[in-house]
Amino acid sequence: MPSEKKISSASDCISFMQAGCELKKVRPNSRIYNRFFTLDTDLQALRWEPSKKDLDKAKLDISAIKEIRLGKNTETFRNNGLADQICEDCAFSILHGENYESLDLVANSADVANIWVSGLRYMVSRSKQPLDFEEGNQNTPRFMWLKTVFEAADVDGNGIMLEDTAVELIKQLNPTLKESKIRLKFKEIQKSKEKLTTRVTEEEFCEAFCELCTRPEVYFLLVQISKNKEYLDANDLMLFLEAEQGVTHITEDMCLDIIRRYELSEEGRQKGFLAIDGFTQYLLSPECDIFDPEQKKVAQDMTQPLSHYYINASHNTYLIEDQFRGPADINGYVRALKMGCRSIELDVSDGSDNEPILCNRNNMTTYLSFRSVIEVINKFAFVASEYPLVLCLGNHCSLPQQKVMVQQMKKVFGNKLYTEAPLPSESYLPSPEKLKRMIIVKGKKLPSDSDVLEGEVTDEDEEAEMSRRMSVDYNGEQKQIWLCRELSDLVSICKSVQYRDFELSMKSQNYWEICSFSETEASRIANEYPEDFVNYNKKFLSRIYPSAMRIDSSNLNPQDFWNCGCQIVAMNFQTPGPMMDLHTGWFLQNGGCGYVLRPSIMRDEVSYFSANTKGIVPGVSPLALHIKIISGQNFPKPKGACAKGDVIDPYVCIEIHGIPADCSEQRTKTVQQNSDNPIFDETFEFQVNLPELAMIRFVILDDDYIGDEFIGQYTIPFECLQPGYRHVPLRSFVGDIMEHVTLFVHIAITNRSGGGKAQKRSLSVRMGKKVREYTMLRNIGLKTIDDIFKIAVHPLREAIDMRENMQNAIVSIKELCGLPPIASLKQCLLTLSSRLITSDNTPSVSLVMKDNFPYLEALGAIPDVQKKMLAAYDLMIQESRFLIEMADTVQEKIVQCQKAGMEFHEELHNLGAKEGLKGRKLNKATESFAWNITVLKGQGDLLKNAKNEAIENMKQIQLACLSCGLSKAPSSSAETKSKRSLEAIEEKESGEENGKL
């Protein structure tokens with residue numbers, strides 16, 4: 001079985017197929033039969049038994065095979081009633097005969113399916129050449145390279161070497177391999193040859209290396225993208241990067257540069273091909289990391305008001321243990337600031353010798369001088385990020401020591417302290433860009449209209465305040481403390497005030513005032529007033545701190561409060577675990593600068609968003625996230641596991657975090673006793689309704705654990721995902737990257753939404769087969785305004801219809817090409833062109849540009865199968881063309897309705913009062929108004945984006961047709977004409993845009 005012997009060459013696949021195995025044969029009538037399939041020894045036919053047919057008829061000639069498809073990508077699979085019970089990665093189809101009839105099969109595992117698909121494709125591509133595998137294996141680029149490596153290490157030139165030398169050599173070539181595993185492999189090889197000596201020959205060295213260092217899943221991928229060769233050339237690599245990895249503007253020279261950097265053999269580097277070992281190195285390199293390199297630097301607009309960003313925040317920063325007994329430690333500040341934290345806490349009390357100190361008031365034995373802490377803060381404040389740092393000051397000092405604090409801060413921080421008085425004429429806080437390299441003090445402030453030098457303010461001790469509130473004799477009064485004017489004057493745009501209720505806050509709170517909420521209070525508000533909380537946070541900063549009940553310094557779930565737009569969610573950095581993983585993962589984006597711009601739906605002055613959204617977000621198009629968990633590499637034993645050997649039984653959990661509608665979890669099967677290279681080969685699909693707030697967490701666990709099951713995890717924001725084949729660098733429980741420990745995955749994101757369970761593809765990508773859902777506008781109850789919004793109903797339906805019709809047409813052509821919805825249009829055109837050829841290998845169609853759109857015309861009579869494909873292609877072009885030509889007109893109607901509606905925004909309350917709306921009815925009218933504006937803005941933006949996508953699709957289709965040789969005259973003049981056509985589309989569209997402007 002494949003689990004016992006690794007597949008590392010085409011001959012391995014052929015040998016397996018000749019030995020045969022059981023496959024399930026799927027019939028169009030939904031019946032499934034178990035049959036034993038074998039490949040003839042002469043490699044001429046595929047046979048199966050038992051069968052009612054004669055032995056000579058229960059076979060399929062290899063010469064009749066037109067195509068082999070992996071996955072459930074034929075009509076038989078799509079229309080089979082049991083299709084949902086069939087694993088996508090175990091299914092494959094053999095298309096044969098002039099009418100492309102399909103033999104649809106299901107293997108017992110994805111590994112077996114890959115062997116049959118790779119073996120059959122290899123034979124079909126070489127059907128006109130003699131297949132001499134023994135000769136072929138000896139002369140492959142990989143074997144020739146290994147031979148030179150062996151000869152260089154064989155100093156005596158005897159063709160043999162000591163086992164120790166051979167082991168060391170393989171370890172040099174692949175540092176991740178364990179020595180014990182290499183020695184065991186040599187013993188297996190020598191035992192099979194009944195050798196007594198432990199010296200290693202060149203042949204044994206090559207065999208051991210190929211067995212140990214070939215990852216079958218990478219081999220299958222290489223064979224697939226190299227058109228069944230055992231290496232990639234520059235053109236193969238270019239297509240892989242464009243079609244699978246989503247890389248744009250790739251050139252042949254760039255591909256040759258990749259080959260030169262990663263190919264291990266000198267011959268490969270000179271001739272420009274990448275063999276299996278170099279390709280594996282490339283896939284493991286930072287260039288194929290799952291994290292988008294654009295997000296490794298500041299990539300977001302940093303000129304918005306401070307309240308429009310999530311801010312990386314720490315709670316009890318001075319602690320490195322729990323808050324009940326943990327000592328104060330200066331390293332708490334160093335660690336937090338190095339991790340990009342932009343809001344830290346200083347809990348300051350009176351010390352001896354008139355020197356303020358920081359300490360855990362539950363453990364007074366260790367303390368830090370205030371001066372030493374701010375000196376460390378000054379040193380590390382802007383190491384990880386240039387953007388503003390907020391100091392949350394917990395002041396428990398006497399007036400004299402408060403003055404000492406002020407003197408020390410002014411001396412240490414100097415002009416970094418931001419003390420400019422806020423301007424009453426402004427409505428929002430300054431931006432992070434304007435506040436670069438500034439230190440902002442958050443704290444209490446004396447009334448500005450008074451000239452007193454000191455006065456009483458409410459205490460900032462949050463934990464003590466919560467404890468008092470929960471005590472039996474709490475009377476509702478807050479503790480008062482004295483504050484000096486000098487300390488008060490250091491507070492400018494982060495003045496701490498007490499939260500009362502949203503109605504009062506929206507009327508009387510100043511934009512420079514900030515409220516702090518305990519976790520318990522914030523959770524209650526988020527559940528009872530989710531829309532109000534979001535609207536409040538558009539203008540004001542809110543800070544959430546963990547419950548006083550968390551004496552072990554455990555962490556709250558930050559996502560619950562990010563969903564409400566809360567900017568400063570303070571975390572206990574000293575406590576690792578799932579919640580801290582989410583926090584760390586979230587702030588990796590935007591260059592790790594500690595500021596992440598919130599979604600526009602949570603920033604726009606007039607917009608509707610509820611933190612408790614259970615379905616589609618108005619004006620936002622849901623996305624389908626397809627994740628294939630392929631394999632793992634070098635999984636360690638769980639750290640806390642006891643009384644257990646090194647063997648683990650790993651499985652992978654995929655968690656989606658975000659708004660409630662997006663939260664989901666799926667898991668793979670368990671792979672028994674394999675930590676080095678467990679193969680999972682399972683595909684999952686998730687519907688993501690608000691991508692900007694979503695995160696993906698990959699967690700690897702041990703199914704047979706004693707004491708500890710955690711192996712590793714990685715958390716990444718949805719917006720930072722890179723599509724294609726990627727390696728996920730796994731982190732330990734405390735958040736450190738583990739060397740050589742990775743998860744190999746395939747990521748694809750499509751814009752197909754749908755109802756039902758999102759992980760079922762049949763529901764999420766076949767929208768044309770169910771009743772189309774339209775985002776409805778709401779009735780406000782004010783005739784003047786409702787009449788304006790009624791005008792938008794028809795343009796909205798037109799916009800949705802145009803987008804969905806184009807997407808359905810694209811999905812249809814992909815299905816006819818036997819490709820899944822995640823396939824790119826370039827892949828689609830490559831498959832299409834291979835079908836549209838005559839018996840003498842010339843194209844049966846030609847690219848014809850009509851009004852700058854790429855149509856395909858038949859060159860004479862063509863078979864029905866090709867007619868069907870051409871009809872689907874024409875429909876895709878027509879729907880795309882209709883959208884491109886009509887989008888601006890429809891969008892303009894939607895924008896005009898939005899503008900007309902917004903003219904009533906300021907007068908909405910007065911109009912409502914005149915019509916007798918008050919209380920809940922007036923609030924409902926305001927909410928419905930915001931909903932309608934959000935829908936109009938969102939649908940207008942979606943249509944604009946769809947038009948840009950359609951234009952890009954037309955360009956990609958035309959370029960693909962040219963590269964596939966589908967143009968009538970592939971001369972330089974024809975190519976020049978085609979390029980002019982591409983430019984004409986762009987010029988036409990940009991001209992219309994300029995005309996509108």
Side-chain angles (χ1 to χ4, degrees), residues 306 311 313-314 317-318 328 330 332-334 336-337 341-359 367-423 429-430 432 434-457 459-461 481-496 512-514 541 594:
L306 213 57
I311 302 172
S314 159
T317 316
Y318 52 88
I330 199 81
Y333 289 98
V334 177
L337 291 169
C341 188
R342 297 291 84 197
S343 170
I344 56 177
E345 293 185 9
L346 293 89
D347 217 3
V348 195
S349 302
D350 278 357
S352 57
D353 302 324
N354 201 34
E355 195 68 41
I357 60 168
L358 277 82
C359 67
Y367 58 84
L368 307 168
S369 75
F370 178 73
R371 185 185 185 90
S372 68
V373 170
I374 61 172
E375 283 173 347
V376 164
I377 290 170
N378 188 55
K379 181 180 178 182
F380 292 98
F382 302 108
V383 168
S385 170
E386 287 192 306
Y387 292 99
L389 176 67
V390 179
L391 303 186
C392 298
L393 214 54
N395 170 28
H396 313 292
C397 291
S398 60
L399 291 172
Q401 293 210 15
Q402 288 180 31
K403 292 175 182 177
V404 173
M405 285 166 59
V406 173
Q407 290 167 4
Q408 292 178 349
M409 280 196 279
K410 284 183 174 179
K411 185 175 180 181
V412 173
F413 295 141
N415 58 9
K416 293 176 190 169
L417 274 174
Y418 186 84
T419 55
E420 284 183 33
L423 298 172
L429 289 163
K434 187 179 178 184
L435 296 168
K436 256 185 177 177
R437 300 190 72 83
M438 300 305 295
I439 292 174
I440 301 163
V441 178
K442 170 197 167 291
K444 288 291 181 177
K445 199 165 173 61
L446 294 171
S448 54
D449 55 0
S450 164
D451 56 0
V452 295
L453 297 178
E454 55 197 43
E456 281 193 313
V457 292
D459 191 5
E460 269 287 274
D461 187 348
I481 59 164
W482 283 90
L483 179 67
C484 71
R485 172 62 64 183
E486 293 90 335
L487 187 55
S488 171
D489 287 347
L490 289 188
V491 178
S492 60
I493 56 171
C494 277
K495 176 188 174 184
S496 296
W512 61 83
E513 293 173 336
I514 174 173
L541 286 175

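Side-chain atoms are counted along with the backbone in the values below, which use heavy atoms only and exclude waters and symmetry mates. What you see is a predicted model; the values in this text were computed from it and never measured.
- Shown here are the side-chain contact (heavy atoms from CB on, under 4.5 Å) partners of Glu486, two or more places apart in sequence or in another chain: Lys403, Val406, Cys484.
- Minimum interatomic distance between Leu306 and Pro432 (heavy atoms only, all atoms of both residues): CD1-CG, 3.9 Å.
- The side-chain heavy atoms of Tyr387 and Leu435, taken from C-beta on, include no pair separated by under 4.5 Å.
- For the side-chain hydrogen bond (donor to acceptor under 3.5 Å, both in side chains) test, residues two or more places apart in sequence or in another chain that qualify with Ser314 are Thr317.
- To the nearest 0.5 Å, atoms OG (Ser369) and CD1 (Ile357) are separated by 9.5 Å.
- For Glu386, the side-chain contact (heavy atoms from CB on, under 4.5 Å) test picks out Lys436, Arg437, with sequence neighbours left out.
- Residues satisfying the side-chain hydrogen bond (donor to acceptor under 3.5 Å, both in side chains) test with Asp489, not counting sequence neighbours, are none.
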**Asked** Could you go step by step and tell me if Leu346 and Leu393 meet the side-chain contact (heavy atoms from CB on, under 4.5 Å) rule?
**Response** CA-CA 5 Å; Leu346 293 89; Leu393 214 54; 4.0 Å; yes

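- A 4.5 Å side-chain heavy-atom check between Met409 and Leu487 finds at least one atom pair inside the cut-off.
- Residue Trp512 holds its CH2 atom at 9.0 Å from CG of Leu423, rounded to the nearest 0.5 Å.
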(message) Show, in sequence, the C-alpha distance, side-chain angles and deciding distance for Ile377 and Val373, and conclude whether the side-chain contact (heavy atoms from CB on, under 4.5 Å) test is met.
(response) CA-CA 6 Å; Ile377 290 170; Val373 170; 3.8 Å; yes

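- The two atoms that bring Ser496 and Lys442 nearest to each other are OG-NZ, 3.0 Å, heavy atoms only.
- Cys494 contributes atom SG, which lies 10.0 Å from atom CG of Leu391 (distance to the nearest 0.5 angstrom).
- For the pair Ile344 and Cys341, the tightest heavy-atom approach, listed with the atom from each and the gap, is CG2-SG, 3.8 Å.
- Between the CD1 atom of Ile330 and the CZ atom of Phe380 there is a distance of 9.5 Å, given to the nearest 0.5 Å.
- Partners of Ser488 by side-chain contact (heavy atoms from CB on, under 4.5 Å), not counting sequence neighbours, listed by chain and number: Lys445, Leu446, Leu483, Arg485.
- Scanning all heavy atoms of the two residues, the minimum distance from Ile440 to Tyr418 falls at CG1-CB, 4.2 Å.
- Note on residues 407-417: no pairs pass salt bridge (charged side-chain N to carboxylate O under 4.0 Å, His left out), not counting sequence neighbours.
- Nearest approach of Cys392 to Ser343, heavy atoms of both residues: SG-OG, 3.5 Å.
- Put simply, CD1 on Ile493 and CE on Met438 are 9.0 Å apart, with the number rounded to the nearest 0.5 Å.
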- Worked verdict on His396 versus Asp347 for side-chain contact (heavy atoms from CB on, under 4.5 Å): CA-CA 7 Å; His396 313 292; Asp347 217 3; 2.6 Å; yes

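- Closest of all the heavy-atom pairs between Tyr318 and Cys359 is CE1-O, 3.9 Å.
- Legend: residues meeting side-chain hydrogen bond (donor to acceptor under 3.5 Å, both in side chains) with Thr419, ordered by chain and number and at least two apart, are absent.
- Under the side-chain hydrogen bond (donor to acceptor under 3.5 Å, both in side chains) criterion, Tyr333 pairs with no residue, sequence neighbours left out.
- In this structure, the side chains of Leu337 and Arg342 come closer than 4.5 Å at one or more pairs of heavy atoms.
- Checked against side-chain contact (heavy atoms from CB on, under 4.5 Å), Val404 has the following partners two or more places apart in sequence or in another chain: Asn354, Pro356, Gln408.
- Rounding to the nearest 0.5 angstrom, the gap separating the CG atom in Leu417 from the OG atom in Ser492 is 9.5 Å.
- Residue pairs meeting the salt bridge (charged side-chain N to carboxylate O under 4.0 Å, His left out) criterion with at least one member in residues 371-380, sequence neighbours excluded, are Arg371-Glu375.
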Exercise. Go through Gln401 and Val348 one step at a time and tell me if the side-chain contact (heavy atoms from CB on, under 4.5 Å) criterion holds.
Key: CA-CA 10 Å; Gln401 293 210 15; Val348 195; over 6 Å; no

